[in-house]
Number of protein chains: 2
Amino acid sequence: MTAPEEQTPLWIDAETTVAARPADHKMELRLWLRLLSCSRLIENDIRRHLNAEFDFSLPRFDILAQLDRADEGLVLGEVSKRLMVSAGNITSLVEGLVKSGHITRTTSSGDRRAQIIRLTDKGRREFRRMAKVHGDWIAKYFEQLSQKDIDKLMDLLASLKDSTRETILARQQS
Amino acid sequence: MTAPEEQTPLWIDAETTVAARPADHKMELRLWLRLLSCSRLIENDIRRHLNAEFDFSLPRFDILAQLDRADEGLVLGEVSKRLMVSAGNITSLVEGLVKSGHITRTTSSGDRRAQIIRLTDKGRREFRRMAKVHGDWIAKYFEQLSQKDIDKLMDLLASLKDSTRETILARQQS
DNA sequence: GGAAATTATTTCAAGTCTAAAGCGTTTTTC
DNA sequence: GAAAAACGCTTTAGACTTGAAATAATTTCC
């Protein structure tokens with residue numbers, strides 16, 4: 001009895017790896033690791049700069065960013081969903097941002113369970129100041145990519161997001 | 001005096017947004033947020049499944065994954081670099097993995113500052129068991145993408161990684 | 001060869017994060 | 001309209017994470 005899928009081939013070339021692909025999903029794994037590399041590389045760098053230049057943490061910045069685009073404020077659950085972090089996590093971050101005067105927090109008049117948070121003037125002012133530089137940092141990461149590359153990447157990541165969401169949803173329903 | 005870059009245009013079309021692009025880096029920001037979405041979506045799902053099905057944490061799994069490909073073991077600093085997490089973080093994870101019998105830890109004979117970690121038989125066995133399913137999960141996320149899409153994405157992310165690394169390096173040197 | 005700089009790791013404090021349990025509030029169901 | 005289910009948020013325990021300071025070992029530089 002032989003177990004070919006466990007054997008290391010004597011030589012590896014394009015044909016071998018393509019043939020091996022359906023069995024062990026090597027390509028997809030490499031792609032995922034590469035995506036994760038890019039993500040961590042950029043996220044770590046942003047975090048470090050935000051800390052060094054504005055003494056502000058990335059999670060706190062992320063919450064302000066969500067609020068800057070929402071004039072009516074946002075319910076906590078919505079923030080949690082958009083940032084893809086747990087609800088319990090948001091609670092303490094919001095508490096800190098209220099304490100530091102960047103946001104306000106009100107109980108919704110329609111639903112007394114819901115908490116609505118909004119930027120204060122100070123919060124908006126400080127966020128905008130940071131966001132300006134933040135945008136420059138980010139553009140720099142993409143500097144070597146052409147406009148065409150950027151468009152294509154936008155496109156492919158949109159597909160990936162859809163594909164992933166559907167996969168996760170399908171599994172939850174079964 | 002007018003401040004045109006602060007005004008909200010009366011109508012927004014392709015031309016407007018293209019014209020606005022160089023100033024505020026809107027496209028790059030959106031691309032970064034989309035990349036981050038994909039990354040978090042997938043990472044969160046993997047973490048949940050690893051916890052639920054194997055009662056194992058993702059950071060612990062990541063360390064075993066690095067070691068599985070390194071027969072001679074790895075120095076802690078190398079693990080830290082590859083996973084892009086701080087050195088202080090690795091210390092306690094390694095301590096836990098030694099305690100649970102998944103890895104061993106030896107002081108390097110050549111450099112008594114360096115700690116070399118290796119998979120134990122148990123560690124390798126359990127990692128392989130998890131890795132099999134882990135590969136299947138990941139392939140599923142990319143299910144809706146064609147082979148061509150996957151290749152193109154690999155390509156573009158390689159460019160992005162290069163571009164980002166260079167940007168970060170250039171800033172550190174100045 | 002010895003002082004100074006660098007390197008590998010650990011320790012520590014503070015912050016972030018999750019899952020799960022708990023507490024009111026609202027909605028659904030009969 | 002009351003019981004049951006669902007919802008929004010908070011609390012808690014425990015794990016992860018970072019940056020900075022500390023320690024020990026090695027390398028560099030005169």
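Below, chain A is the first sequence line, B the second, and so on; all start at residue 1. Predicted, not measured: the structure shown is a model, and the values here were computed from it.
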Exercise. For A:Asp151, check salt bridge (Lys or Arg N to Asp or Glu O under 4.0 Å) against everything at least two apart and list the hits.
Key: none
Practice problem: Go through residues 33-58 of chain B and report each residue with a non-hydrogen atom lying under 4.0 Å from DNA chain D, sorted by number. | Solution: B:Ser57
Exercise. Provide the full list of salt bridge (charged side-chain N to carboxylate O under 4.0 Å, His left out) pairs with a residue in residues 74-91 of chain B, sequence neighbours left out, each pair given once.
Key: B:Glu78-B:Arg82
Quiz item: With sugar-phosphate meaning primed atoms plus P, OP1 and OP2, does B:Ala87 contact a base, only sugar-phosphate, or nothing at under 4.0 Å between heavy atoms?
Solution: base
Self-check item: Exercise: identify the closest heavy-atom pair between B:Leu157 and A:Cys38
Solution: O-SG, 3.5 Å
Quiz prompt | Option passing ring-ring contact (aromatic ring centres under 6.0 Å, His included) with A:Phe127 (candidates A:Phe61, A:Phe54, A:Phe56) | solution = A:Phe61
Atom pairs and distances, donor-acceptor, side-chain atoms in residues 137-145 of chain B, under 3.5 Å, two or more places apart:
from	atom 1	to	atom 2	distance (Å)
B:Lys140	NZ	B:Glu143	OE2	3.3
B:Tyr141	OH	B:Asp45	OD2	2.7
B:Gln144	NE2	A:Glu166	OE1	3.4
B:Gln144	NE2	A:Glu166	OE2	3.0

Exercise. List in chain and number order the residues that pass salt bridge (Lys or Arg N to Asp or Glu O under 4.0 Å) with B:Arg129, two or more places apart in sequence or in another chain; answer none if no residue qualifies.
Key: none
Quiz prompt | side-chain hydrogen bond (donor to acceptor under 3.5 Å, both in side chains) partners for B:Ser39, two or more places apart | solution = A:Ser39
Quiz item: Does the side chain to side chain contact (heavy atoms under 4.5 Å, CB included) test come out yes or no for A:Asn44 and A:Arg47, once each step is laid out?
Solution: CA-CA 5 Å; A:Asn44 286 346; A:Arg47 183 166 18 72; 2.3 Å; yes
Quiz item: Considering residues at least two apart in sequence or located in another chain, which fulfil the salt bridge (Lys or Arg N to Asp or Glu O under 4.0 Å) criterion with B:Glu126?
Solution: none
Quiz item: Tell me, which of residues 89-102 of chain A have any heavy atom that sits under 4.0 Å from an atom in DNA chain C?
Solution: A:Asn89, A:Leu93
Collect all protein-nucleotide pairs involving nucleotides 24-26 of chain C in which both atoms are nitrogen or oxygen and the distance is under 3.5 Å.
from	atom 1	to	atom 2	distance (Å)
C:dT25	O2	A:Arg113	NH1	3.4
C:dT26	OP1	A:Arg112	N	3.0

Quiz item: Which of residues 75-84 of chain B have a heavy atom under 4.0 Å from DNA chain C?
Solution: B:Val75, B:Leu76, B:Gly77
Quiz item: Is it the case that B:Arg113 and B:Ser108 place a side-chain donor and acceptor less than 3.5 Å from each other?
Solution: no
Quiz item: Got a sec, which residues hit salt bridge (Lys or Arg N to Asp or Glu O under 4.0 Å) with B:Arg124, two or more places apart in sequence or on another chain?
Solution: B:Asp68
Quiz item: Quick one: side-chain hydrogen bond (donor to acceptor under 3.5 Å, both in side chains) partners of B:His49, sequence neighbours excluded?
Solution: A:Arg171
